[in-house]
Amino acid sequence: MVSAVENRSRLHPHKFLLWIGIASIVMMFAGLTSAYVVKRSFANWMEFSLPKVFWVSTAVILVSSLTMHLSVKSFKAHERKKYRTLITVTAALGVLFAILQLYGFTELHEQGIQIFGVGSNASASFLGIITGLHVLHVLGGVIALLITFFRAYRTKVKRYDATPIEMVATYWHFVDILWIYLFIFFSLT
């Protein structure tokens, strides 16, 4: 028979699967950024600066990570009203981050930088693929945040389990860290 202490030290199976998924995503982005570095030495490589709106989106996702952390703390402290407010702010910031990313790509397009198709350059296409994949992962996180948001406003709570909100928080912090890595990577290369 497994004691209660041993049970607490084990990783929840869903969290284990989440970490495997995160490891897979990390390997994918490591491969893509490595390919970017290799391709950068090609003759027709185009240099351009990232739009300033990406700085704003970076600040937004950092603040959302902070509100996510505080919402988990509030949930665990059974401060339901505070938890609802913080998860609402986090979900709104997640949506805002996605909108700002879209605005950044629109700005690049207006500068004449074609991401895909006729007139595009490999450097812009790499930026589009890598950040586009990141935006897809962010949208997955936003959907999880919105589901968590709607669950926070349910009147009946069947079980007070922190596992789902902890998993959403882990994933959200991961996409935050991943964006910061990509932002620094593209700013320095």
Side-chain angles (χ1 to χ4, degrees), residues 12 14-30 32-33 50-76 79-109 115-116 126-155 157 159-187:
H12 190 283
H14 293 158
K15 289 182 179 178
F16 179 72
L17 289 175
L18 176 65
W19 282 110
I20 289 175
I22 287 172
S24 303
I25 295 168
V26 166
M27 287 191 292
M28 178 182 69
F29 278 97
L32 286 169
T33 52
L50 293 177
K52 299 243 183 292
V53 71
F54 284 168
W55 284 94
V56 178
S57 68
T58 302
V60 166
I61 202 166
L62 281 171
V63 173
S64 75
S65 234
L66 175 66
T67 57
M68 186 76 227
H69 171 72
L70 294 174
S71 70
V72 172
K73 281 182 73 175
S74 299
F75 185 87
K76 288 180 177 176
E79 298 170 337
R80 197 160 173 85
K81 188 176 178 183
K82 189 176 177 183
Y83 165 67
R84 284 178 172 169
T85 302
L86 288 165
I87 202 69
T88 301
V89 171
T90 306
L93 290 172
V95 171
L96 179 61
F97 175 80
I99 291 169
L100 290 171
Q101 292 289 296
L102 183 64
Y103 184 78
F105 280 103
T106 304
E107 195 174 306
L108 281 174
H109 183 73
I115 304 292
F116 299 114
F126 261 104
L127 176 72
I129 289 169
I130 293 171
T131 55
L133 284 170
H134 181 261
V135 168
L136 284 177
H137 289 95
V138 167
L139 289 177
V142 167
I143 289 168
L145 278 174
L146 291 175
I147 290 169
T148 306
F149 163 76
F150 287 116
R151 284 185 176 171
Y153 286 91
R154 285 191 304 204
T155 53
V157 177
R159 230 175 36 160
Y160 209 83
D161 182 13
T163 303
I165 184 73
E166 287 174 341
M167 290 180 60
V168 171
T170 300
Y171 184 76
W172 193 250
H173 294 315
F174 165 69
V175 293
D176 179 5
I177 292 167
L178 182 59
W179 169 251
I180 291 168
Y181 163 71
L182 292 174
F183 185 65
I184 292 171
F185 176 81
F186 284 117
S187 295

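Just so you know, residue 1 is the first one in the sequence shown, and it goes up from there.
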* To do: Anything under 30° is parallel, anything over 60° is perpendicular, the rest tilted; go ahead and classify F183 against W55.
  => perpendicular
* **Taking every non-hydrogen atom, the tightest pair across Y171 and L18** => CD1-CD1, 4.1 Å
* Asked: Shortest non-hydrogen contact from W172 to V138?
  -> CZ3-O, 3.8 Å
* To do: Taking the side chain as every heavy atom from C-beta outward, state whether F75 and L86 have any pair of such atoms under 4.5 Å apart.
  => no
* To do: Output the distance between atom CG (L139) and atom CG (L145), rounded to the nearest 0.5 Å.
  => 11.0 Å
* **pair V168-I87: side-chain heavy atoms closer than 4.5 Å** => no
* **Cationic N near anionic O, under 4.0 Å, K76 to E166** => yes
* Asked: Rounded to the nearest 0.5 Å, how far apart are CZ of F186 and OG1 of T131?
  -> 6.0 Å
* Please tell me if the side chains of S64 and D176 come closer than 4.5 Å, counting only heavy atoms from C-beta onward. => no
* For this output row, return yes or no: ring centroids of W179 and F54 closer than 6.0 angstrom. => yes
* Separation between NE2 of H134 and CG of L32, rounded to the nearest 0.5 Å -> 12.5 Å
* To do: Kindly give the heavy-atom pair with the smallest separation between G104 and V53, and that separation in Å.
  => CA-CG1, 3.3 Å
* **Considering all heavy atoms, the nearest V60-L93 contact** => CG1-O, 3.4 Å
* Are any non-hydrogen side-chain atoms of T90 and F149 less than 4.5 angstrom apart? -> no
* Qualifying residues under ring-ring contact (aromatic ring centres under 6.0 Å, His included), relative to H137, sequence neighbours excluded -> F29
* To do: Could you grab the distance from atom CH2 of W19 to atom NZ of K15, nearest 0.5 Å is fine?
  => 10.0 Å
* Asked: Under 4.5 Å between any side-chain heavy atoms of L133 and M28, yes or no?
  -> yes
* Return yes when atom CZ of F185 has more than 12 non-hydrogen atoms of other residues, nucleotides or ligands closer than 6.0 Å, and no otherwise. => yes
* Structure fact -> The reported gap from NE2 in H173 to CD1 in I22 (rounded to nearest 0.5 angstrom) is 10.5 Å
* Inspect the surroundings of NE2 in H14 and state if more than 12 heavy atoms from other residues, nucleotides or ligands are less than 6.0 Å away. => no
* Could you check if a side-chain atom of K82 sits within less than 4.5 angstrom of a side-chain atom of K73, using non-hydrogen atoms only? => no
* Side chains of T88 and Y153: do they bring a donor and an acceptor to under 3.5 Å? -> yes
* Go through the steps for E107 and Y103 under the test side-chain contact (heavy atoms from CB on, under 4.5 Å), then give the verdict. => CA-CA 6 Å; E107 195 174 306; Y103 184 78; 3.6 Å; yes
* State, yes or no, whether a side-chain contact exists between F97 and V175 at a heavy-atom distance under 4.5 Å. => no
* Inter-residue atom distance I180.CD1 - S65.OG, 0.5 Å rounding -> 7.5 Å
* Structure fact -> Smallest heavy-atom separation, I25 atom then F174 atom, equals CG2-CZ, 3.6 Å
* Could you check if a side-chain atom of Y83 sits within less than 4.5 angstrom of a side-chain atom of L70, using non-hydrogen atoms only? => no
* What closest approach, in Å, do R151 and R80 show between heavy atoms, and which atom pair accounts for it? -> O-NH2, 4.2 Å
